[in-house]
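Here's the structure we're looking at; comments come further down.
Because the structure is predicted, anything quoted here is derived from the model rather than measured. Numbers here simply count residues along the sequence, with the first being 1.
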Amino acid sequence: MNLHEYQGKEILNSFGVRIQRGIVAQNAHEAVAAAKQLTAETGTGWHVIKAQVHAGGRGKGGGVKLAKNLQEVEEIAGQIIGMNLITPQTSAEGKKVHQVLVAEDVYYPGANEPDEYYMSVLLNRTTGRNMIMYSTEGGMDIETVAEETPHLIFTEEIDPSVGLLPFQARRVAFNLGLSGVAFKEMTKFVMALYTAYDKSDASLFEINPVLKTSDDKIMAVDAKVTIDDNALYRHKNYVDMRDIREENPVEVEANELGLNYVDLDGNVGCMVNGAGLAMATMDLIKQAGGEPANFLDVGGTADAKRVEEAFRIILKDDNVKAILINIFGGIVRCDRVAQGVVDAYKNMGDAIKIPIIVRLQGTNADIAKELIDNSGLDVQSAVQFQEAADKVQAVLA
């Protein structure tokens, strides 16, 4: 589950991580009120107005701007709220901005120059251990840094049996070139950040930039946070942070129906039971010259109602030119699935106007094939994996 910046900062703050303070606003009037409150609490005269969407690169799309007075706060917030923000991490249509974060200005003058760093905590899937990735090149796309100056990216792996040790946090501060008060502040920041990541069951905490202020404070100026969905039962207070306006509406609908669905960019709809079979089916479609349009796992109960729901979800994508149903009848009998396909097809009437290939293997697969072949519907049956691939290739030709 992805979080907005202000939500991620709330979690960071709850674990003792210093953050750039801010107040979320739904309209320009609330933005002005938020700015006044921040001025009273922090003394800040300037404010940063940040679009709250689940995408990085907001500044490049005009979603992060500095306001030097209350009039500019109102004007900028009014411009950003309601806009379709296009960034390198959004689609060509962009994402509609529903709210902004009015944040304090932390780039104030002082004895030292402020510095920006990059830092993230995530799982290293190669080693199976959490790691801290960090760089002196804060504020930049980490992909660009990795490509152009890979020697400026450091990593610190954490042994799960002991967690992050103090000497590792000190090594992070040393590699970032810090000393004195800033060194001690960064050490505390790193320890608190990792605790936040670990205790919140996150799969990603990305802070870009981490700021060293002119008076050597270390704080999170941004926060990109992803919480592991499978751990939400342990964090009931995080569940309400979900913003479905930021998610694919078809995926949200499928989730409400109990279907495991991921939208993709291809032309062949996939309906399967089991994640492993789904991945194999997607590979099959690719080998046949097609592109999978989705990942859809109907689970172990592929009855007529569930198959019909799956059909309707897949057909919401106008790019789908064919549907491949690939079901293994282990827990569920193949003949019941076949009957479900036939009944769903009949119930939907003229809604299905594209070829459907059905491959059923397992319990009562022979009966299932007869049901499909004798249905009188425009549904093709297949027995072997390759046979299904050939039929997909034929309908796409």
Side-chain angles (χ1 to χ4, degrees), residues 1-17 19-20 22-26 50-58 63 85 87-91 93-101 103 119-125 128-133 142 158 160 192-208 220-265 275 278-279 294-299 313 316:
M1 181 179 75
N2 293 323
L3 300 183
H4 288 296
E5 174 190 352
Y6 77 94
Q7 295 169 324
K9 284 181 174 177
E10 287 175 9
I11 294 176
L12 287 171
N13 188 52
S14 70
F15 286 96
V17 179
I19 61 169
Q20 176 195 36
I23 301 170
V24 71
Q26 310 296 325
K50 302 182 177 184
Q52 296 299 282
V53 294
H54 291 170
R58 293 169 297 167
L85 181 62
T87 82
Q89 296 184 19
T90 68
S91 64
E93 294 78 23
K95 284 195 169 188
K96 186 173 183 179
V97 180
H98 299 282
Q99 54 195 349
V100 294
L101 179 64
M119 191 170 297
S120 62
V121 189
L122 68 162
L123 175 66
N124 183 336
R125 296 187 182 278
R129 292 184 171 191
N130 291 326
M131 70 175 181
I132 299 173
M133 181 184 296
I142 195 64
I158 293 92
L193 174 62
Y194 185 76
T195 300
Y197 168 86
D198 185 45
K199 298 299 183 183
S200 65
D201 286 308
S203 55
L204 173 69
F205 260 82
E206 183 179 58
I207 317 298
N208 190 22
V221 176
D222 191 14
K224 182 178 181 181
V225 177
T226 303
I227 303 295
D228 186 346
D229 291 349
N230 296 314
L232 285 175
Y233 73 94
R234 290 201 291 251
H235 305 281
K236 304 296 185 183
N237 54 324
Y238 294 168
V239 174
D240 292 337
M241 292 182 173
R242 183 184 180 193
D243 188 350
I244 61 173
R245 298 174 300 181
E246 293 291 315
E247 300 178 22
N248 184 312
V250 180
E251 292 182 6
V252 172
E253 181 183 351
N255 183 64
E256 292 172 350
L257 294 170
L259 299 170
N260 297 313
Y261 177 87
V262 178
D263 199 19
L264 301 173
D265 298 325
M279 299 301 290
N294 64 270
F295 171 109
L296 193 152
D297 177 7
V298 297
I313 291 293
K316 287 180 181 289

If you compare all heavy atoms of [X] against all heavy atoms of [Y], which two are closest, and at what distance to 0.1 Å?
| X | Y | value |
| --- | --- | --- |
| Tyr261 | Asn294 | CE1-CB, 3.4 Å |
| Val298 | Leu259 | CA-CD2, 4.0 Å |
| Pro88 | Gly57 | CD-O, 4.1 Å |
| Gly56 | Gln89 | N-OE1, 2.9 Å |
| Gly8 | Val225 | CA-CG2, 3.7 Å |
| Thr90 | Lys95 | CG2-CG, 4.2 Å |

Could you please spell out the steps behind the side-chain contact (heavy atoms from CB on, under 4.5 Å) verdict for Asp263 and Asn248?
-> CA-CA 8 Å; Asp263 199 19; Asn248 184 312; 3.1 Å; yes

Any non-hydrogen side-chain atom of [X] less than 4.5 Å from a side-chain atom of [Y]?
| X | Y | result |
| --- | --- | --- |
| Ile207 | Leu12 | yes |
| Pro160 | Asn130 | no |
| Val252 | Arg242 | yes |
| Met1 | Gln7 | no |
| Leu101 | Lys9 | yes |
| Glu251 | Val262 | yes |
| Glu5 | Lys224 | no |

Test log, rule side-chain contact (heavy atoms from CB on, under 4.5 Å), inputs Lys96 and Arg245 = CA-CA 9 Å; Lys96 186 173 183 179; Arg245 298 174 300 181; over 6 Å; no

Determine, step by step, whether Phe15 and Ile11 satisfy the side-chain contact (heavy atoms from CB on, under 4.5 Å) criterion, reporting the C-alpha distance in whole Å, the side-chain angles of both residues, the deciding distance to 0.1 Å, and the verdict.
-> CA-CA 7 Å; Phe15 286 96; Ile11 294 176; 4.0 Å; yes

Assess whether side-chain contact (heavy atoms from CB on, under 4.5 Å) is satisfied between Ser203 and Leu123, documenting all intermediate values.
-> CA-CA 7 Å; Ser203 55; Leu123 175 66; over 6 Å; no

Counting heavy atoms not belonging to Asn237, are there more than 12 under 6.0 Å from its CG?
-> yes

Looking at [atom1] of [X] and [atom2] of [Y], how far apart are the two atoms once the value is rounded to the nearest 0.5 Å?
| X | Y | atom1 | atom2 | value |
| --- | --- | --- | --- | --- |
| Phe205 | Leu3 | CZ | CG | 8.0 Å |
| Asn2 | Asp229 | CG | CG | 8.5 Å |
| His54 | Gln52 | NE2 | CD | 8.5 Å |
| Arg58 | Lys50 | CZ | NZ | 6.0 Å |
| Asp222 | Glu206 | CG | CD | 8.0 Å |
| Met119 | Ile142 | CE | CD1 | 11.0 Å |

Glu93 and Ser91 side chains, donor-acceptor separation under 3.5 Å = yes

Side chains of Tyr238 and Asp201: donor-acceptor distance under 3.5 Å anywhere?
-> no

